[in-house]
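Working notes, beginning with the structure itself.
By convention in this document, chain letters (A, B, ...) are assigned in the order of the sequence lines, proteins followed by strands, and residues within each chain are numbered from 1.
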Amino acid sequence: MSSLVLTGDTSGSVTVTVPAVAGSNTATIGAATGTHYPFTAGTAVASTSGTSIDFTSIPSWVKRITVLLNEVSTSGTSNIIIQVGSGSVETTGYTSTTQITVTTATNVTSTTSGFNIIQIQAAANTMSGIATLATLGSNVWAQNGVVKAGTTAISFSAGAKTTSGVIDRVRITTVNGTDTFDAGSINILYE
Amino acid sequence: MTTPTRIIVDLATGQSTEVELEGAELEAYNASLDAQRAAQQAAEAEAAALAAAQETPAVEGQ
């Protein structure tokens, strides 16, 4: 069976029941008309080499992308940024600001080459956290995130970017583009 | 010297590959490295000049 079509009346609801289990599970679909896309996890990749990690073939229907960092480390102290693009990665036109708090001290920096999601304090730092990108429509994307560096610092980030077309790729890299990933893993979720 | 690479994860296939930088990307990589070296040399030269100035004895007025 290649597909299953459920047809309901113009009122009421369509119920999908999972059989052969103790009890039953009911999923109710709201009355709104539209296309329901799945909430999808990408393929986690070890961030142990390379100067950047690209997730490509992002479907055109995607409205929100979540970037997940798990104890990621790089060879230097250049900040980690997220870049997006349509056909190719766009490296300009971001309005991105990141604040880092280290114990009681804070520092704020702005970046135009990507969404700056973490200010790295030392090459030995391992970074974990989440950055989310969501579209307002018309290829306008907003971003926010919280990522920790080591055990004493945490960065809060926010920004925006208007892309030249529909996003089909996300790149995680560093501001200088030469520091190399050397630990951890990265994945994305999209919906 | 290790050739710089990047990792590509194709969500359509689930495959990840590591490819060497080439073309414009490799040029940008090398330009960034050159800029970092130049900045480091400038910082070292400034620090050396500052240290030399601090070691120079002050000339007392007559």
Side-chain angles (χ1 to χ4, degrees), chain A residues 37-62 65-68 72 74-78 81 83 85 88-92 113-114 167-182 184-191, chain B:
Chain A
Y37 291 107
F39 180 47
T40 308
T43 304
V45 60
S47 48
T48 53
S49 63
T51 57
S52 64
I53 296 174
D54 292 1
F55 290 88
T56 63
S57 301
I58 293 174
S60 59
W61 47 260
V62 165
I65 301 167
T66 306
V67 178
L68 311 168
V72 172
T74 67
S75 60
T77 57
S78 184
I81 57 175
Q83 297 171 322
S88 62
V89 172
E90 298 183 17
T91 58
T92 60
S113 61
I167 281 181
D168 67 355
R169 64 197 62 211
V170 170
R171 171 173 290 177
I172 298 93
T173 185
T174 56
V175 171
N176 68 17
T178 58
D179 287 357
T180 305
F181 289 100
D182 57 18
S185 58
I186 297 177
N187 200 0
I188 69 169
L189 307 176
Y190 55 96
E191 55 194 304
Chain B
M1 181 178 169
T2 306
T3 304
T5 62
R6 65 185 167 97
I7 296 171
I8 302 172
V9 181
D10 188 335
L11 297 171
T13 63
Q15 298 296 312
S16 63
T17 55
E18 186 165 9
V19 299
E20 294 184 351
L21 300 188
E22 56 185 14
E25 286 188 329
L26 184 57
E27 290 177 11
Y29 174 91
N30 289 329
S32 180
L33 270 187
D34 291 343
Q36 290 172 56
R37 290 191 190 104
Q40 183 172 353
Q41 289 171 354
E44 289 171 355
E46 185 176 347
L50 182 62
Q54 290 175 337
E55 290 175 0
T56 303
V59 178
E60 295 183 5
Q62 296 181 359

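- Heavy-atom pairs under 4.5 Å with chain A were tallied for V9(B), I8(B), V19(B), L21(B); the largest tally goes to V9(B).
- In this structure, the portion of Q36(B) lying under 4.5 Å from any heavy atom of chain A is its side chain and not its backbone.
- Closest non-hydrogen pair, E18(B) versus S49(A), comes out as OE2-OG, 3.0 Å.
- When all heavy atoms are compared, the tightest approach of D10(B) to S57(A) is OD1-OG, 2.8 Å.
- Proximity to chain B (any heavy atom under 4.5 Å) is restricted, for R171(A), to the side chain, taken from C-beta onward.
- Nearest heavy atom pair, residue L11(B) against residue T43(A), reads CD2-N, 4.2 Å.
- Only the side chain of Y190(A) comes within less than 4.5 Å of a heavy atom of chain B; its backbone N, CA, C and O stay farther away.
- Between the side chain of S32(B) and the backbone N or O of N176(A), at least one donor-acceptor pair lies under 3.5 Å.
- Residue A41(A): no heavy atom, backbone or side chain, is found under 4.5 Å from chain B.
- The only member of I53(A), I172(A), I186(A) that meets side chain to side chain contact (heavy atoms under 4.5 Å, CB included) when paired with I7(B) is I53(A).
- The 12-atom threshold is exceeded at CD of E191(A), counting heavy atoms of other residues, nucleotides or ligands nearer than 6.0 Å.
- When each of S52(A), G177(A), G50(A), S47(A) is scored by its heavy-atom pairs under 4.5 Å with chain B, the top score falls to S52(A).
- Counted within 6.0 Å of CD on E44(B), heavy atoms from surrounding residues, nucleotides or ligands total more than 12; the atom is thus considered enclosed.
- Side-chain atoms of T51(A) come within 3.5 Å of backbone atoms of T5(B) as a donor-acceptor pair (strictly under, hydrogens ignored).
- Of the atoms belonging to E25(B), it is side-chain heavy atoms, and not backbone ones, that fall under 4.5 Å from chain A.
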